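Every chain is numbered from 1, with letters handed out A, B, ... down the list of sequences. Source: prediction; values computed, not measured.
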Protein chains: 2
Amino acid sequence: MARNGDLRRQILEQARSLLLAEGYAQASMRKIANAVGCTPTSIYLYFDSKDSLFHSLVEEGMTRLHEQLETVVSLFPDPEDRFRRLCRGYLEFGLENPEFYEIMFLLHPEQMMRYPTDKYRRARRNLQIFADAIAAFRRGDPNFDPILSATVVWSLLHGAISLHLAKRVDVSLSTPAFVEQVVEHSVQMLQPHNP
Amino acid sequence: MARNGDLRRQILEQARSLLLAEGYAQASMRKIANAVGCTPTSIYLYFDSKDSLFHSLVEEGMTRLHEQLETVVSLFPDPEDRFRRLCRGYLEFGLENPEFYEIMFLLHPEQMMRYPTDKYRRARRNLQIFADAIAAFRRGDPNFDPILSATVVWSLLHGAISLHLAKRVDVSLSTPAFVEQVVEHSVQMLQPHNP
DNA sequence: ACTGTAAAGTTAACATCGTTAACTGAAAAT
DNA sequence: ATTTTCAGTTAACGATGTTAACTTTACAGT
C-alpha cells in the first residue's frame with residue numbers, strides 16, 4: 001500500500017494518540033492498526049512487541065521532560081529559584097501528561113517489560129539536572145551527596161504525582177496548592193540541619 | 001465437591017500466593033481456579049470480578065499496614081522517635097511486600113478498577129496516624145496543617161517505595177541506607193523554617 | 001525484456017485472557 | 001414425594017498479543 005515508507009511514523013502517532021485517549025491497556029495492537037489503516041501484524045515489522053512500541057513513546061516522553069527541565073535551567077540562574085522551578089516543572093509535566101507519565105514511570109512493575117537499562121541515560125540526565133541545582137545552594141557542605149539528595153527529592157515529586165494521578169490526594173486540596181506545598185517541602189528538605 | 005464451605009477462603013489464599021509469586025497480570029482466574037481445584041467460573045460465585053477479588057487482598061494489605069503502624073504508635077511515645085519509626089515502618093512494609101504494595105497503591109491507574117471510595121477509610125486512617133504523629137512535635141505552630149504535611153510525607157515515602165520497586169534507584173545505594181536517607185529527609189522536611 | 005530475490009503487507013490461526021449463559025447435581029424445605 | 005434452592009460445571013463469546021505462512025510489490029542482474 002502507498003504509505004511512503006512512513007508506516008512506522010504513523011504507527012507511533014496513532015499509538016500515542018490512543019494512549020492519551022484510552023490508556024495503555026485499552027490501546028491494543030488491533031486498535032492501533034485500525035487507526036493507521038493496516039493490519040496488526042504489520043506493526044511487528046517495525047516493533048518487536050507492544051512493549052517495545054511503547055518504549056519508543058517512553059523515549060519521546062523522556063525527551064520532552066528533559067527539554068522542559070533544560071529550559072528551566074537556561075532561564076533561571078538563581079540556585080534556589082531554579083530548584084523551585086525544576087520541582088514545579090517536573091510536577092506539572094507529570095500532572096499534565098498523565099498517560100505519558102504512566103508509561104514512563106508508573107506501570108513498569110509487571111505490566112510492561114522493563115525499560116531497557118541502556119535507555120535510562122536520559123532519565124539519569126534528568127536526575128543530574130536536579131543534583132546540579134541542589135549542589136549549587138549546598139556548596140561547601142561536606143557529607144552531603146547531591147545525587148543522593150536529588151534521588152530523595154525525585155522520590156517526593158514522583159510520589160506526589162503518583163498519588164495525585166491515582167486520586168489518592170484529598171480533593172479538598174486544589175492541585176496548584178498541592179504543587180506549591182510539595183515544592184516548599186522540597187526546599188525545606190534541603191535546608192541545613194539546625195541542632 | 002467437598003470443600004467445607006470454605007471455597008471463598010481457598011480462592012483468596014491461592015490468589016494471594018499467585019499474586020506474590022507471579023504478579024497481578026500473570027495471576028489469572030484460570031490459574032487461581034487450577035490452584036484451588038475448581039473451575040474459573042466458580043470464582044464468580046464469590047467475587048464479582050477479578051478486580052473485586054483483588055480488592056479483597058487490597059483490604060488485607062491495608063489491614064496489615066495499619067496494624068504495623070499502630071504497633072509502632074503503641075510502642076514508641078516520643079513524638080520524633082515515633083515519627084521516624086512510622087516512616088521506617090511504612091517503607092519497610094512497601095519494600096518487603098512488593099506485590100501487596102503494588103495492588104494497594106501502584107497499579108490502579110487503568111490496570112485495575114478503582115478501589116471503591118468507601119473502602120478508603122483504612123487508608124485514610126493510616127494518613128491520620130502520620131498526621132497525629134506530626135502534629136505532636138509541631139504543636140503550637142499556626143499556619144501548619146498536619147494532614148497536609150502528612151500527605152506530603154506520604155508522597156515522599158510512596159515515591160521512594162515506587163522508585164525502588166521499579167529499580168529506578170541507583171543500585172550503588174544499599175536499601176537500608178536509602179531507607180535511612182528517606183527517613184532523615186522526612187524529619188528534615190518538617191523542621192520549622194529558619195529565616 | 002525476463003527472471004530472481006528481497007522487502008512490505010496480509011490472511012489465518014494459536015493460546016490465553018475475563019466473563020456469561022445454560023446446565024447439572026445434590027441437599028433442604030414444603 | 002415433590003419442589004425449590006444452592007454450589008458447581010460445561011461450553012462458549014469476544015478480545016488480547018503474537019506467530020507462521022502466504023501474497024504482492026519493487027527492484028536488481030543478466
Side-chain angles (χ1 to χ4, degrees), chain A residues 1-19 21-58 99 102-103 107-116, chain B residues 1-19 21-58 99 102-103 107-116:
Chain A
M1 198 174 239
R3 24 179 72 92
N4 319 321
D6 64 351
L7 180 54
R8 197 193 129 98
R9 266 183 72 88
Q10 287 181 257
I11 291 171
L12 274 170
E13 240 170 62
Q14 297 302 324
R16 183 173 151 281
S17 135
L18 264 166
L19 175 73
E22 315 192 21
Y24 176 79
Q26 313 303 324
S28 73
M29 299 300 254
R30 285 171 171 81
K31 278 189 194 168
I32 296 167
N34 239 347
V36 169
C38 69
T39 35
T41 45
S42 293
I43 300 178
Y44 290 87
L45 296 172
Y46 302 97
F47 302 95
D48 286 343
S49 64
K50 182 180 179 181
D51 282 347
S52 88
L53 163 55
F54 280 91
H55 283 159
S56 301
L57 293 179
V58 169
E99 300 293 353
E102 193 175 306
I103 57 162
L107 52 68
H108 290 260
E110 296 285 330
Q111 173 66 191
M112 198 164 152
M113 217 180 144
R114 185 111 50 227
Y115 190 61
Chain B
M1 198 172 243
R3 25 178 73 90
N4 318 320
D6 65 349
L7 180 53
R8 197 192 129 99
R9 266 182 71 87
Q10 286 181 257
I11 292 171
L12 274 170
E13 241 169 63
Q14 297 302 325
R16 183 173 151 282
S17 135
L18 264 167
L19 174 73
E22 314 193 21
Y24 177 79
Q26 313 302 323
S28 73
M29 299 300 254
R30 285 170 171 84
K31 278 189 193 169
I32 295 167
N34 238 348
V36 170
C38 69
T39 34
T41 45
S42 293
I43 300 178
Y44 289 86
L45 295 172
Y46 301 96
F47 302 94
D48 287 344
S49 62
K50 181 179 180 179
D51 282 346
S52 90
L53 164 54
F54 281 91
H55 283 160
S56 300
L57 292 179
V58 170
E99 299 294 352
E102 192 175 307
I103 57 163
L107 51 70
H108 290 261
E110 296 283 330
Q111 173 65 193
M112 198 164 153
M113 217 180 144
R114 185 115 49 230
Y115 190 60

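For B:T41, there are no side-chain hydrogen bond (donor to acceptor under 3.5 Å, both in side chains) partners two or more places apart in sequence or in a different chain. Checked against side chain to side chain contact (heavy atoms under 4.5 Å, CB included), B:F47 has the following partners two or more places apart in sequence or in another chain: B:R8, B:I11, B:L12, B:I43, B:S52, B:L53, B:S56. For A:S17, the side-chain hydrogen bond (donor to acceptor under 3.5 Å, both in side chains) criterion is met by no residue, not counting sequence neighbours.
In this structure, B:H55 NE2 and B:D48 CG are separated by 11.0 Å, a value rounded to the nearest 0.5 Å. Here the straight-line distance linking atom CG of A:L7 with atom SG of A:C38 works out to 5.0 Å at 0.5 Å rounding. With rounding to the nearest 0.5 angstrom, the CE atom of A:M29 is 12.0 Å from the CG atom of A:L18.
Taking atom CD1 of B:I11 as the reference point, atom C1' of C:dG18 lies 15 Å away to the nearest angstrom. If you measure from atom OH of A:Y46 to atom P of C:dA7, you get 12 Å, rounded to the nearest angstrom. Counting to the nearest Å, the C1' atom of D:dG8 and the CG atom of B:N34 are 16 Å from each other. If you measure from atom CG of A:L7 to atom P of C:dA7, you get 16 Å, rounded to the nearest angstrom. At whole-Å resolution of the value, CD1 in A:I32 and C1' in D:dT16 are 12 Å apart. Going from atom CD of B:Q26 over to atom P of D:dG17 covers 14 Å, rounded to whole Å. Between the P atom of C:dG9 and the CD1 atom of A:I43 lies a distance of 12 Å, rounded to the nearest Å. For B:L53 and C:dC17, the CG to P distance is 15 Å, given to the nearest whole Å.
Bending across the helix from C:dA1-D:dT30 to C:dT30-D:dA1, expressed as the angle between its end axes from five pairs apiece, amounts to 20° (10° rounding).
Applying the salt bridge (charged side-chain N to carboxylate O under 4.0 Å, His left out) definition to pairs two or more places apart or across chains, none involves residues 32-42 of chain A.
For the pair A:K50 and A:Y24, the minimum side-chain heavy-atom distance is below 4.5 Å.
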Every protein N/O within reach of nucleotides 19-21 of chain C N/O, cut-off under 3.5 Å:
| residue | atom | partner | partner atom | Å |
| --- | --- | --- | --- | --- |
| C:dT19 | OP2 | B:Y44 | OH | 2.8 |
| C:dT19 | OP2 | B:K50 | N | 2.8 |
| C:dT19 | O5' | B:Y44 | OH | 3.2 |

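At D:dG8, none of the side-chain N or O atoms of B:S42 fall inside 4.0 Å of OP1 or OP2 (strictly under the cut-off). Distances shorter than 4.0 Å separate some side-chain N or O of A:S28 from OP1 or OP2 on D:dT16.
Among all heavy-atom pairs drawn from A:A33 and A:P40, the shortest one is CB-N, 3.4 Å.
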